[in-house]
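One-based numbering along the sequence shown. One-based numbering, in listed order, for ligands and for the atoms of each.
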Amino acid sequence: MCGIIGAIAKANVVPVLLEGLQRLEYRGYDSAGLVFTDYGLKRLRTAGRVHQLCKLVEQENAQGFAGIAHTRWATHGKPSEQNAHPHFSGGESRIAVVHNGIIENHESIRTFLKNHGYQFSSETDSEVIAHLIAFKLKEIPDFFKAVCLAVAELQGAYAIAVMEEAHPERIIVARHGAPLILGIGKDGNYVASDVSALLQVTRDVIYLEEGDIAELSNHSFHIVNCLHDQLGEPVNRIIHESHLSNEEIGLGSYAHYMQKEIFEQPSAVANTLEMISNTQSITPNLFGSEAGKIFLNTKQILILACGTSYHAGLVARYWLEKVAGIPCNVEIASEYRYRNPVSDPATLVVAISQSGETADTLAAMNYAKKLGHTYSLAICNVPESALIRQADLRFLTRAGPEIGVASTKAFTTQLASLLLLTITLAKMRHRLPAHDERQLILTLRHLPNALKQALKVEPLVKNWAQNFAQKRHALFLGRGVHYPIAMEGALKLKEISYIHAEAYAAGELKHGPLALIDDEMPVVAIAPSNQLLDKLKSNLQEVQARGGELYVFADADSQITPSEHLHVIRLTEYAGLLSPILHTIPLQLLAYHVALVKGTDVDKPRNLAKAVTVE
Ligand code: F6R
């Protein structure tokens, strides 16, 4: 979702801005633009992709020592050049703004500014920021202070970078509810919404905190925090060295990030589970130093998450209730935050998020706390994210950067972490004798290898892709803990191949969706050899009897025999608790190969963004 990169240095920064935008493309966007210093502020924008902006830059031979650039994911106003950032406020000294997030009170600010003679040239909420700063600058002739005063009036989530034509030797940036990171270089200073955009110039980074406003010049920077004082109190923020490698954020020999990330799952899971590689017993400290005490008093779990992370939560519910015997609710974060749920201080809130910046998940976790839930645990893939910072306990999945919009390795590492949580709670609740715990740890240690095996089905899955690519709809069936896996399979297919896909608990078929079955409706079934297999087989017969085309992912020992309208791919033998994790793999591969056949933009599917930092 929207990306920001800004640079101010002793050399031309336009190539840095373009490279930064390219690295931010994965976040999802529909237009792009930049402003650079060239005897004033020059602006180039396009309602297209970054490579089109690169062409404009080339045509104009754009060069400058400072600039801010942006990829926009449309919220207010359609994707168009006019709505693309940076936005200007005219007047004696032009002001340029790029913004990530949503300004909730933009309408009242817009009305106020219009009444004061400001003219708007876009439909965006972001443009009000430029004019508001211009307005404040009339009250207080100090650009930094004017930004502070303007920001104090904004409601909603934002990360912004601002430049003033009269003083192009500085860039002002502010963060509230959307990530923003400073890059401290030898010959310049930088800002971006994502570390990956900064690595081209520096590894020394500062994660700005809520309410921080910073001023950057080519040789210095200073930061104030405005949470308690509109004009800010100076703060020191630690400079971290980023250890992200270019290999981690590059494509290597893969055609797409999604493909790379699917195949990285054995190592991503191995990294996430590294702490159990030499142990026979798990301690709650894995989740934070206070976890032992908190878990002892935990009577119930409430999982909050969105999308794929929500599916991970749904799987975990089965594990937590079955193995740890602890009641568990799982809620879509965007729904939870607007309900009036009954709170319980003894319920541990578990927020799951790849990015740790998902607005709904953050808001839901904080709402749960406000309602009276005492403790929260974040399961997240981004160490410096807001979610990690705001939770009481934390577990970092170590999937490495996930760049493909469709989440893959984040999901399986979330599941691995949730299994660790299950084992920990089961043990603390005296539901897991030492021998069983050792067995479970051994099973978990085997997971990376089991994932490697599961990936071997790729050529078989690829053979199915052609059939799906011709269809407009697909149905995914699963039962028990594999039902959320069916949901995840359907989500993957719809988001990258644009085929409408729905998941049903197979037992629900006859309560409605059976009416959809005909030879145009492929039905994908997840059929592990567990205690529900016979029930599932009956459901599959219901489909066959109505002329449906079945695509079944079974275990090696299941007695499902392929026939004309029944296609079967077998994984290895039934993997017990690990089974839902392994059954995810062929579904990811199916979505990927169907998308390839359809020729969609696998890594950047239309309309979607990677980190959903707005509501
Ligand atoms: C689907 C997908 C999304 C995310 C959702 C939550 O492939 O990626 O559904 O899972 O937007 O994002 P995080 O996990 O970052 O909170």
Q: At a heavy-atom distance under 4.0 Å, which protein residues reach ligand 1? Sort them by chain and number, would you?
A: Cys306, Gly307, Thr308, Ser309, Ser353, Gln354, Ser355, Thr358, Val405, Ala406, Ser407, Leu491, Lys492, Glu495, Val612
Considering residues at least two apart in sequence or located in another chain, which fulfil the side-chain hydrogen bond (donor to acceptor under 3.5 Å, both in side chains) criterion with [X]?
X	value
Arg398	none
Lys604	none
Ser309	Gln414

Q) Do Gln390 and Asn366 have a side chain donor and acceptor closer than 3.5 Å? A) yes
Q. So among Asn105, Ile103, Ile102, which one has a side-chain contact (heavy atoms from CB on, under 4.5 Å) with Gln155?
A. Asn105
Q: Decide, yes or no, whether a salt bridge links Asp194 with Arg23 under the criterion of side-chain N to carboxylate O below 4.0 Å.
A: no
